[in-house]
Structures are given as structure tokens and as C-alpha cells.
Protein chains: 2
Amino acid sequence: MKNGSGPGAKERILVAATAIAQAHGYSGLNFRDLAEVVGIKAASIYHHFASKADLGAAVARRYWQDSSAALDALLAQSSDPVDCLRRYPGTFRKALESDNRLCLCSIMAAESDDLPEIVTKEVQTFADVQVAWLSKVLVAAAMVDSGNSEQRARAIFAAVAGAQLIARSRSDISLFDELIESYRVSGLLPGSRLSG
Amino acid sequence: MKNGSGPGAKERILVAATAIAQAHGYSGLNFRDLAEVVGIKAASIYHHFASKADLGAAVARRYWQDSSAALDALLAQSSDPVDCLRRYPGTFRKALESDNRLCLCSIMAAESDDLPEIVTKEVQTFADVQVAWLSKVLVAAAMVDSGNSEQRARAIFAAVAGAQLIARSRSDISLFDELIESYRVSGLLPGSRLSG
DNA sequence: ACCTGAACACCGTTCAAGT
DNA sequence: ACCTGAACACCGTTCAAGT
């Protein structure tokens, strides 16, 4: 940090904007409310980000970078790939735990018709990161033939995102847990008791 | 119809509002653009709907009623429940085929923090209708124990909604087809070749 | 470098007035 | 019954001007 008073305005804008976007989407992210949270005026945000599109892209970029680091940490924490897969849905559960928020990528995916191209690009990178990680771990877990790993990875990613969306619409985390358990029972995810 | 000039203004508002909401969500639905599509002025909409919340609720109500009728038609068309389940994802595919639109319920689910309560209620009814139909057909197909049918129905609904969301964010219908096929391979949906 | 006042365009809503 | 122009309060966004 530059001084003793905590993170700078740019960083605080990024953090606050992420939280707002996860709850209300890109279109629901407005500079007056955001500025108020940060403690500056709306116009001041433009000193740090050239436009709303620029801010949105920065928020989405930071989001996939953080999510990528979290997945790597999961892998470092447990060398067992089946265990990693079992814990994967937990990364989506955390958003629901935090004021019933949605994955930034999911809420922005729903807005894709109204997203600036530079934001869309970062949202797609988020999906790419998730699928690449799942694909790698699925192969390590010997859950699929290596030729099918990416297809299965995409299926898991889409299904977990769907579970989060549905659970959020009911403000019901236990519904998310129930849906994940159903994915395990059906064989999409490795089983919760015996290794898949 | 009242006269020879086609559906009335109220009906045209409902149809146009549904199309806009499926592309841009409830928050992206505005009376000025909507009125222009219908060919009247924004203020005239208030002659047919008391408020935006009222219009949103009417749109969502009509949407689940239509979807319910479509599912019943599917069931009437084919008496084989496994065949019905196989064709279920097609009802979601149709929205993507129509200008890459999303299920109204999914896009509104993503907006759930900002939805008037009377709209939320109708969105949840949509999910209830889908789950009830799937549950009934799963039992008829003997794919699950009757005690688990609703849980499995919810899983299928969430996974298909997720597939639609992800495919739309890439504007890629073939990705939707691929995801559905993966759900079949993994056992979540009945297989595409042999009966499940 | 960092911030802001003031303006602009837009949106949901209302209402008196039209036919 | 059905529609509209005009207005109101409000909000997202921008930029020239401040320190």
C-alpha cells in the first residue's frame, strides 16, 4: 500500500464494484451508488477507469484471476484429484454464502446482449479457466477418457452454474447443496461417499 | 379478436415485452422502447398495466402458462416418457434459436435481487411447473425411485438452465447441444441412443 | 494526481386533455 | 374505451474545470 490508510481508491473501487456486480449485474452497477460505498463522488471514478466498460472489464479480469488462484490453491491443498472435484462446487457455494451473490460470470452471462465486448472477453476467459482446471483434474482422477475431459468439464461447469442460479433465485443455499448431491447421485460429479 | 386487425394492444404489449425481457431482463425492459415496438406511446401502456411490476408479473405468468401448455403437448404427442425426457431440452433450445434468447425465468432469476415480489412469485411458479412435469415423467419412465423424483427433476432443470446460460454467453447453440449430450453420457438425462 | 459541479440524456410515472 | 403530450423527479454518464 502507498500509505498507512489501507488500499488506494482504485483498489477499493474494484472491490466494491465486484460486490455490486455480483448482486445486480453489470447493468445494475451504477457510479453514484458505487462512489458512495467508496467514499468519493461518481465523477471521480473516471480518474481511475476510463469508462464503465473499462471498469467492468477490470472487475471481470480480477475475478477470473482470483478464481484461478483459488482453484490452484485447492489443488495444492489436496493432491487427490477426486477430492478436488468433490470440493469444486464449494467455490460457487461461497458466493451464495456471501449475501446470496452470484458468480460474476453467470450474472454477466445473462446480460451478454448488453455487455461491451471487452467485458464479454473477460467473462469468457473465466469460463475457459474453470473448464481447463476441471478438465485437467478429471483426467488426473481418471474419471473420463482424455478425449472427453473437456466436454465433461464444460458439463460440470454449466450444471454447477445452473444450480447456483436456481438456488439464488430462491435464496436457499440448501437447494444448492441438494442439487450438487443430485449431480453426484446421477454420476455427473464424483460421489460424495465412495470415490467416483 | 375484437376486430379484423389482429390482436389487441394489450396482447401485443405482452408479446413484445416478453421478447425484450428474454433478451435484456426485467431491468432492461423500458416503456419507451416497448411502446415503440407496439406502435403506441409509453404512457398508453399504463392504460393496460397499472405499473411496470404489474406488466412484469403478467409477462412471467403468461410465460409459465405457455411453457406448461408446451410440456403437456409434448406429453400428448408421445406417450413414451423416456422419449419426452429426451425431447425436454428442446424446449430450452427454442429460446436460443430465437435470436439467442434466454428462458425468461433464468434471466429473471439472475435479477432476483431487483425484482418486485409479484414478479418473483411468477418466476418461481415457472420453476415449480418445470420440476413438477419432470418429476411426473421421471416416475413414469421408471428412471428414479418415486421418493427421489423431485430431487432429480430439480437437478435436470438446473443443469439445462445452466447449459442454456453458458451457450448463450457464447452465442453458440452447438455448445448447448454438446452440454445436453454430456448430461446424457453422465447419466443425468436418459441416453440419446438406448433408453435410459 | 486526484477530485467535483454541473450538465446531458434517459426512464418510470402521472395527469389533464384529446378522440 | 383508448390514447397522448407534456411534465416531474430521478438516475447513469460525461467532461471541463478545480485544487
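Letters go in sequence order (proteins before strands), and every chain restarts at 1.
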Chemist: Testing the basics here: between B/Gly56 and B/Val119, what is the closest heavy-atom pair and its distance to 0.1 Å?
Modeler: C-CG2, 3.9 Å
Chemist: Would A/Arg93 and A/Glu97 satisfy salt bridge (Lys or Arg N to Asp or Glu O under 4.0 Å), going step by step from the backbone distance to the final call?
Modeler: CA-CA 6 Å; A/Arg93 193 184 201 277; A/Glu97 289 165 10; 2.6 Å; yes
Chemist: Does the pair A/Asp128/B/Arg170 count as a salt bridge with the N-to-O cut at 4.0 Å?
Modeler: yes
Chemist: Counting the benzene-type ring for Trp, do B/Phe92 and B/Phe176 have ring centres under 6.0 Å apart?
Modeler: no
Chemist: Got a salt bridge between A/Arg62 and A/Glu11, using NZ or NE/NH1/NH2 to carboxylate O under 4.0 Å?
Modeler: yes
Chemist: Could you check whether any side-chain heavy atom of A/Phe157 comes within less than 4.5 Å of a side-chain heavy atom of A/Tyr88, counting everything from C-beta outward?
Modeler: yes
Chemist: Quick one: do B/Arg168 and A/Asp113 make a salt bridge, cutoff under 4.0 Å?
Modeler: yes
Chemist: Does the protein touch nucleotides 3-14 of chain C at the base, only the backbone, or not at all? Give it as B, S and - per nucleotide, heavy atoms under 4.0 Å.
Modeler: BBB-B---BBBB
Chemist: Are A/Lys121 and A/Glu117 close enough for a salt bridge, meaning some N to O gap below 4.0 Å?
Modeler: no
Chemist: According to the Watson-Crick and G-U wobble definition with distances under 3.5 Å, which dot-bracket string, read 5' to 3', encodes DNA chain C, using [ ] for crossing pairs and | for pairs with another strand?
Modeler: ||.|||||...|||||.||
Chemist: Quick test: give all pairs of protein nitrogen or oxygen and nucleotides 16-19 of chain C nitrogen or oxygen below 3.5 Å, distance rounded to 0.1 Å.
Modeler:
none

Chemist: Is the charged tip of A/Lys52 near the ring of A/Tyr26: under 6.0 Å from the six-membered ring centre and within 45° of its axis?
Modeler: yes
Chemist: Walk me through whether B/Ser78 and B/Asp80 qualify under side chain to side chain donor-acceptor pair (under 3.5 Å).
Modeler: CA-CA 5 Å; B/Ser78 165; B/Asp80 177 15; 5.4 Å; no
